[in-house]
Novice: 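My structure is below; once you've seen it, I'll send some questions.
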Amino acid sequence: MSAAVTRAASVLGEESDAGIDNARRLRGELTADRRVDPAAFGEMAGRIRRNPHALTDTGV
């Protein structure tokens with residue numbers, strides 16, 4: 001496997017993990033407070049806009 005493919009897979013994994021962590025954090029905030037921090041929501045929405053597969057990857 002080439003170094004470029006290995007690096008791309010690593011970056012994709014990191015982004016996926018970050019998206020999952022953000023979704024879990026948002027879900028916890030929504031459950032606890034019954035509201036979502038607009039900045040946190042905007043961050044997650046931006047990830048989903050850049051990569052629509054992020055929505056299914058987060059398990060939301």
Novice: Can you name the residues that form a side-chain contact (heavy atoms from CB on, under 4.5 Å) with R7, not counting sequence neighbours?
Specialist: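 If we apply the side-chain contact (heavy atoms from CB on, under 4.5 Å) test to R7, skipping adjacent residues, the hits are S10, V11, E14.
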Novice: Can you tell me how far CG of N22 sits from CZ of R25, rounded to the nearest 0.5 angstrom?
Specialist: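 Answer rounded to 0.5 Å: 4.5 Å.
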Novice: Going by the rule side-chain contact (heavy atoms from CB on, under 4.5 Å), which residues pair with A18 if we only count those two or more places apart in sequence or in a different chain?
Specialist: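 With neighbours one apart ignored, the set is R47.
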